[in-house]
J.: 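I'd like to ask some things about the structure below.
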Amino acid sequence: MTDRTPLRDDLSAHTRAPVLTPGSDGYGAECGGYQLLDPHTPTTVLAATRAEDVRAAVSLAATRGVPFAVQATGHGRVAPTTGLLISTRRMTGVRVDPAARTAWVEAGATWRHVVEAAAPHGLAPLSGSFPGVGAVSYTLGGGLGLLARRYGLASDHVRRFDVVTPDGRARQVTEHREPELFWALRGGGGHVGVVTGMEIGLVPVTHVYGGSLLFDVEQAPDVLHAWRRWTSDLPDELTSAVTVLTYPDLPELPDPLRGRPVAHVRVVHCGKADEGRALVEPLRAIGPVIGDTLAQRSYLDTGAVFDEPEQPHPYLGDNVVVRDLDPQALAGLTKAAGPSAPVLTVVGLRHLGGAIAEAPRGASAVGHRDGAYLVSVLSPVEDSERERVRGLHDAALGLFAGAALGRWLNFTFRALNPAEIRSAFAPGDYERLRRITDEIDPGGLLHTGHGGVSGE
């Protein structure tokens with residue numbers, strides 16, 4: 001076959017996977033995902049079912065000079081492609097080796113798949129707050145999860161990646177084989193290839209003490225500062241976060257939430273339940289508790305801690321990692337999520353430190369491991385509201401400029417320019433990622449969600 005052969009025909013000849021084009025049944029579903037803003041509009045979609053499909057697709061794209069992107073669940077998509085889309089959502093296999101405490105995870109598996117496979121063996125992955133997120137894509141961005149202060153990031157526990165680089169080569173990447181790629185894939189955002197599977201370490205966790213406490217912000221206006229004071233002296237076994245939003249005044253919502261600004265303090269403690277209960281008790285002094293889901297729960301049930309929406313929707317979000325939290329900035333952040341906010345805005349704080357900061361410096365591409373907190377903003381958005389929402393987010397995060405270290409890739413839900421991408425990495429690491437990317441993908445064919453780190 002020649003380059004004049006339609007790409008769909010070449011793909012059909014070299015793979016067993018479904019090949020879709022605009023107008024094909026299932027094309028829209030394959031291009032969609034959880035993020036409904038700026039969907040992919042590719043000329044061709046390969047619905048991969050195995051690693052060989054991915055290798056064949058990347059090889060054909062490289063031969064033809066066709067830009068391509070990869071998508072599993074579509075949570076973090078921020079920049080659509082019009083070229084070739086490789087969909088991995090059918091590749092959901094998980095194999096657990098209980099003796100080695102490892103799992104092999106295919107490209108499209110979600111954390112729910114991994115948690116359910118590991119739990120019968122008394123093990124758990126370093127999964128995130130939402131079980132429906134793709135495990136591989138989450139890990140490529142670092143992976144700040146429910147057990148992070150005790151066990152570190154998801155990327156810290158990767159043993160091996162199987163990856164197809166933009167030249168069409170299938171590679172096994174480990175710390176000792178392809179060490180530069182291993183470094184870049186652990187936290188660099190996936191700019192150097194399409195991961196078809198990864199081997200990860202699991203941890204011996206079956207249950208946690210976790211859930212949330214809800215406070216009406218009008219009755220507890222100091223809730224963010226009180227939470228910050230509480231986190232100043234916690235053991236690593238406790239990972240916590242807090243979010244604030246004003247609920248719409250809808251009849252289907254419970255009365256304590258309707259039209260009110262509410263703070264959700266989230267807690268995951270992976271030690272003994274009575275110890276977790278005692279550590280959380282001081283939080284109840286913040287103000288009247290209007291909701292309480294704290295309980296000893298199976299790790300299978302940890303999605304209930306954050307209880308995030310399953311329904312796909314359009315949204316924008318941004319974040320900043322900070323050294324500390326100024327009380328005045330926290331007051332401004334609370335106001336940004338209050339009833340006077342012109343659009344619905346969810347503000348959040350996540351407690352860092354512990355094992356996150358203890359990893360050897362330079363062991364992976366993850367930046368700002370010395371940060372104390374992550375500050376995030378997120379809003380559901382329609383296309384006409386983009387600029388206004390961006391301005392509101394910039395203003396909210398600008399409150400923390402004096403203590404800012406940079407961004408965290410996993411919590412950035414918008415396209416970034418090169419300077420903004422640089423802010424996600426330690427000094428020198430951005431240039432190192434650029435060198436690796438330019439060497440492995442000189443034509444800039446791999447279209448990544450955050451705009452890539454190539455010299456273009």
Side-chain angles (χ1 to χ4, degrees), residues 75-76 111 126-131 133 138-139 141-156 187 208 210-215 223-245 263-270 279-280 283 302-308 315 317-326 329-330 333-334 336-337 345-359 366-378 393 396-397 399-400 403-413 423-424:
H75 276 76
W111 280 125
L126 273 294
S127 53
S129 58
F130 184 49
V133 167
Y138 171 97
T139 302
L144 175 61
L146 299 173
L147 305 175
R149 283 175 39 80
R150 172 63 178 85
Y151 291 104
L153 307 177
S155 57
D156 298 335
V208 298
S212 64
L213 292 176
L214 278 62
F215 300 92
V223 59
L224 294 187
H225 189 45
W227 175 83
R228 181 254 177 234
R229 291 195 301 267
W230 174 72
T231 61
S232 64
D233 185 25
L234 290 177
D236 294 352
E237 286 77 15
L238 201 154
T239 300
S240 180
V242 57
T243 57
V244 177
L245 74 156
H264 297 247
V265 178
R266 327 279 190 170
V267 171
V268 176
H269 180 265
C270 59
L279 287 166
V280 172
L283 289 173
T302 49
V305 173
F306 280 72
D307 194 24
E308 292 166 322
Y315 49 91
D318 206 347
N319 70 88
V320 65
V321 180
V322 298
R323 289 185 290 270
D324 205 347
L325 294 170
D326 177 75
L330 289 177
L333 190 67
T334 304
T345 301
V346 183
V347 303
L349 303 171
R350 293 188 184 232
H351 187 202
L352 306 179
I356 302 167
E358 293 167 5
V366 175
H368 314 310
R369 300 187 75 128
D370 54 341
Y373 300 92
L374 176 81
V375 185
S376 65
V377 288
L378 186 142
H393 288 183
L397 295 179
L399 297 167
F400 300 88
L405 299 174
R407 282 178 174 79
W408 195 286
L409 282 184
N410 276 145
F411 294 89
T412 305
F413 304 114
S423 77

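Keep in mind it's a predicted model, so treat the numbers as computed, not measured. For the single chain, residues carry numbers from 1 onward in sequence order.
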J.: Can you tell me how far CG of Leu325 sits from CH2 of Trp227, rounded to the nearest 0.5 angstrom?
T.: 6.5 Å

J.: Mind checking the CG-CG spacing from Leu409 to Leu144? Nearest 0.5 Å is all I need.
T.: 12.5 Å

J.: Between Leu147 and Thr239, is a side-chain contact (heavy atoms from CB on, under 4.5 Å) present by the stated rule, with each step listed?
T.: CA-CA 6 Å; Leu147 305 175; Thr239 300; 5.5 Å; no

J.: Within the structure provided, determine whether Leu234 and His351 are in side-chain contact (heavy-atom separation under 4.5 Å).
T.: yes

J.: Applying salt bridge (Lys or Arg N to Asp or Glu O under 4.0 Å), can you list everything that pairs with Arg266, at least two apart in sequence or on another chain?
T.: none

J.: Roughly how far apart are Asp326 CG and Leu333 CG, rounded to 0.5 Å?
T.: 11.5 Å

J.: Looking only at side chains, do Ser240 and Trp230 share a donor and an acceptor under 3.5 Å apart?
T.: no

J.: Does any part of the side chain of Arg149, heavy atoms only, come nearer than 4.5 Å to the side chain of Val268, both counted from C-beta?
T.: no

J.: Taking only residues two or more places apart in sequence or in another chain, which ones pass salt bridge (Lys or Arg N to Asp or Glu O under 4.0 Å) with Arg407?
T.: Asp318, Glu420

J.: Could you tell me which non-hydrogen atom of Cys270 sits nearest to which non-hydrogen atom of Tyr151, and how far apart they are?
T.: SG-CE1, 4.4 Å

J.: Can you name the side-chain contact (heavy atoms from CB on, under 4.5 Å) partners of Ala304, sequence neighbours left out?
T.: Arg297, Asp301

J.: Show the numbers, then the answer: is there a side-chain contact (heavy atoms from CB on, under 4.5 Å) between Val321 and Tyr373?
T.: CA-CA 6 Å; Val321 180; Tyr373 300 92; over 6 Å; no

J.: Could you state the interatomic distance from CG (Leu374) to CG (Leu349), rounded to the nearest 0.5 Å?
T.: 8.5 Å

J.: With a 4.5 Å cut-off on side-chain heavy atoms, are Glu308 and Pro131 touching?
T.: no

J.: If I take atom NE2 from residue His269 and atom CG from residue Leu279, how far apart are they, to the nearest 0.5 angstrom?
T.: 5.0 Å

J.: Compare every heavy atom of Phe130 with every heavy atom of His75, then report the nearest pair and how far apart it is.
T.: NE2-CE2, 3.0 Å

J.: Check whether any side-chain heavy atom of Thr345 sits under 4.5 Å from a side-chain heavy atom of Leu245, and report yes or no.
T.: no

J.: Please examine the side chains of His264 and Phe215, heavy atoms only from C-beta on, and report whether any two atoms are closer than 4.5 Å.
T.: no

J.: Looking only at non-hydrogen atoms, find the nearest pair between Ser423 and His368 and report the distance.
T.: O-NE2, 2.5 Å

J.: Restricting to side-chain hydrogen bond (donor to acceptor under 3.5 Å, both in side chains), what partner residues turn up for Arg150, sequence neighbours left out?
T.: none

J.: Begin from the C-alpha positions of Val366 and Leu153 and carry the test side-chain contact (heavy atoms from CB on, under 4.5 Å) through to its verdict.
T.: CA-CA 9 Å; Val366 175; Leu153 307 177; 3.6 Å; yes

J.: What do the steps show when you test Thr334 against Val347 for side-chain contact (heavy atoms from CB on, under 4.5 Å), and what is the final call?
T.: CA-CA 8 Å; Thr334 304; Val347 303; over 6 Å; no

J.: For the residue pair Ser155 and Gly187, what are the closest heavy atoms and their distance?
T.: CB-N, 4.4 Å

J.: Which heavy-atom pair separates Leu405 from Gly371 by the least distance, and what is that distance?
T.: CD1-CA, 3.6 Å

J.: Tyr138 and Ser127: side-chain donor and acceptor closer than 3.5 Å?
T.: no

J.: Show the nearest heavy-atom pair for residues Ala263 and Val244, with the distance to one decimal.
T.: CB-CG2, 3.9 Å

J.: Report yes or no: does Asn319 contribute a side-chain atom to a donor-acceptor pair with the main-chain N or O of Val375 at less than 3.5 Å?
T.: no

J.: Tell me yes or no: between the side chains of Ser212 and Asp307, is some donor less than 3.5 Å from an acceptor?
T.: no

J.: For the NE2 atom of His393 and the CZ atom of Phe413, what is their distance to the nearest 0.5 Å?
T.: 11.5 Å

J.: Check whether any side-chain heavy atom of Val377 lies under 4.5 Å from a side-chain heavy atom of Leu397, and answer yes or no.
T.: yes

J.: For residues Ser129 and Leu146, determine if any side-chain heavy atom of one lies less than 4.5 Å from a side-chain heavy atom of the other.
T.: yes

J.: Does any non-hydrogen side-chain atom of Val322 lie less than 4.5 Å from one of Val320?
T.: yes

J.: Not counting sequence neighbours, which residues clear salt bridge (Lys or Arg N to Asp or Glu O under 4.0 Å) with Arg229? List them please.
T.: Asp222

J.: Under the salt bridge (Lys or Arg N to Asp or Glu O under 4.0 Å) test, which residues partner Asp324, sequence neighbours left out?
T.: Arg228

